[in-house]
Amino acid sequence: QVQLRESGGGLVQPGGSLRLSCSASGTIISINTMGWYRRSPGKERELVASITTTSGVSTIYADSVKGRFTISRDNGKSTVYLQMNGLKPEDTAVYYCNAIGLAVWGRYDSWGQGTQVTVTS
């Protein structure tokens, strides 16, 4: 099993910032892609940002967060971060960490439990 532990969610006013963290643990051989998804009430889960490090570093951002959010990864700690600046009420959601890679027993595609982000005045 590959476990993902998220932290950093909370309540913030519009325009504020939060930094989410997600650490992976388990019998991991490699982590190819780590990402953040979110689900708002009444909406489907959507990709917020992802980072792939199989050949250089490649990032993907949802259009709605470009220029405000930054994803980064500490390979030595198997940790991915999401720096969220300029938060808006529409960013309110449960944010989930995802990791895809290879474990000793095969390929994995794992999810964290989620962390709540609430943006309100």
Side-chain angles (χ1 to χ4, degrees):
Q1 284 247 338
V2 173
Q3 296 83 35
L4 301 179
R5 185 175 73 248
E6 301 136 328
S7 62
L11 179 66
V12 64
Q13 292 184 341
S17 298
L18 283 174
R19 188 193 196 206
L20 305 182
S21 299
C22 171
S23 295
S25 62
T27 53
I28 298 171
I29 295 175
S30 64
I31 303 176
N32 297 336
T33 300
M34 297 188 81
W36 290 95
Y37 290 73
R38 67 186 181 188
R39 176 178 285 152
S40 304
K43 296 185 179 180
E44 294 187 356
R45 185 173 60 192
E46 63 173 348
L47 173 67
V48 176
S50 69
I51 183 166
T52 298
T53 55
T54 51
S55 179
V57 178
S58 175
T59 57
I60 297 174
Y61 292 93
D63 288 342
S64 60
V65 307
K66 285 180 180 177
R68 299 188 297 124
F69 292 10
T70 302
I71 191 169
S72 61
R73 183 177 156 185
D74 182 335
N75 291 334
K77 296 181 180 180
S78 299
T79 300
V80 65
Y81 305 97
L82 185 68
Q83 178 65 45
M84 305 185 293
N85 299 328
L87 283 161
K88 305 176 180 179
E90 51 263 43
D91 294 318
T92 296
V94 178
Y95 285 69
Y96 298 91
C97 178
N98 172 257
I100 298 172
L102 188 65
V104 294
W105 38 266
R107 182 182 180 276
Y108 65 87
D109 183 346
S110 297
W111 294 89
Q113 294 296 311
T115 184
Q116 177 70 46
V117 171
T118 302
V119 185
T120 182
S121 55

Any luck finding a side-chain donor-acceptor pair between Asp74 and Thr79 under 3.5 Å?
no
With heavy-atom distances below 4.5 Å as the criterion, would you say the side chains of Glu90 and Thr92 are in contact?
no
Determine whether Val94 and Thr115 make a side-chain contact, defined as any pair of heavy atoms from C-beta on separated by less than 4.5 Å.
no
So, Thr33 side chain and Thr52 main chain: donor-acceptor pair closer than 3.5 Å or not?
no
Taking all atoms of both residues into account, what is the closest heavy-atom pair of Tyr61 and Ala49, and its distance?
CD2-CB, 3.6 Å
Can you check whether Cys97's main-chain N or O pairs, donor with acceptor, with Glu6's side chain at less than 3.5 Å?
yes
Ignoring hydrogens and angles, tell me if any N or O in the side chain of Arg68 forms a donor-acceptor pair with the backbone of Gly86 under 3.5 Å.
yes
What I'd like to find out is whether the side chain of Leu47 reaches to under 4.5 Å of the side chain of Trp36, using heavy atoms alone.
no
d(Ile28 CD1, Leu102 CG) to nearest 0.5 Å is 10.5 Å
Residues, nucleotides or ligands: over 12 heavy atoms within 6.0 Å of Gln116 CD:
yes
Would you please say whether a donor-acceptor pair under 3.5 Å links the side chains of Thr27 and Trp105?
yes
Applying the 4.5 Å side-chain criterion to the ILVMFWY set and letting contacts propagate, would Tyr96 and Ile71 be lumped into a single cluster?
no
Are Asn32 and Thr54 close enough, and set up right, to give a side chain to side chain donor-acceptor pair (under 3.5 Å), and what steps lead you there?
CA-CA 6 Å; Asn32 297 336; Thr54 51; 5.9 Å; no
For Tyr37, ring-ring contact (aromatic ring centres under 6.0 Å, His included) partners two or more places apart:
Trp111
Quick check against the 3.5 Å criterion: does Thr53 have a side-chain atom that pairs as donor or acceptor with the backbone of Ser58?
no
Which pair of heavy atoms, one from Gln83 and one from Ser17, lies closest together, and at what distance?
NE2-CB, 4.0 Å
Is the shortest heavy-atom distance from the side chain of Leu18 to the side chain of Leu87 under 4.5 Å?
yes
In terms of hydrophobic clusters joined by side-chain contacts under 4.5 Å, are Ile51 and Tyr95 together?
yes
Does Val57 belong to the same Ile/Leu/Val/Met/Phe/Trp/Tyr cluster as Val80, with side-chain heavy atoms less than 4.5 Å apart forming each link?
yes
side-chain contact (heavy atoms from CB on, under 4.5 Å) against Ser64, all qualifying residues, sequence neighbours excluded
Arg38, Ala62
Among Val119, Val65, Val117, exactly one meets side chain to side chain contact (heavy atoms under 4.5 Å, CB included) together with Met84. Which residue is that?
Val117
Using 0.5 Å steps for rounding, measure from the OG atom of Ser50 to the CD1 atom of Ile100.
8.5 Å
Just verifying a value: how many Å separate Arg107 CZ and Ser30 OG, rounded to the nearest 0.5 Å?
10.5 Å
How far does OG of Ser25 sit from CD of Gln3, to the nearest 0.5 angstrom?
4.5 Å
Are Arg73 and Tyr81 in a cation-pi setup, meaning NZ or CZ lies under 6.0 angstrom from the ring centre and within 45 degrees of the ring axis?
no
Closest approach of Ile31 to Ala99 (non-hydrogen atoms, all atoms of both residues)
CG2-CB, 4.4 Å
Take Leu82 and Val48 through the test side chain to side chain contact (heavy atoms under 4.5 Å, CB included) and record every step on the way to the result.
CA-CA 9 Å; Leu82 185 68; Val48 176; 4.1 Å; yes
So, for Ala93 and Ser40, which heavy atoms are closest and what is the spacing to 0.1 Å?
CB-OG, 3.5 Å
Strictly below 4.0 Å, N to O, side chains only: are Asp63 and Lys66 in salt-bridge contact?
yes
Return the minimal non-hydrogen interatomic distance between Ser78 and Met34, and the atom names on each side.
O-CE, 4.0 Å
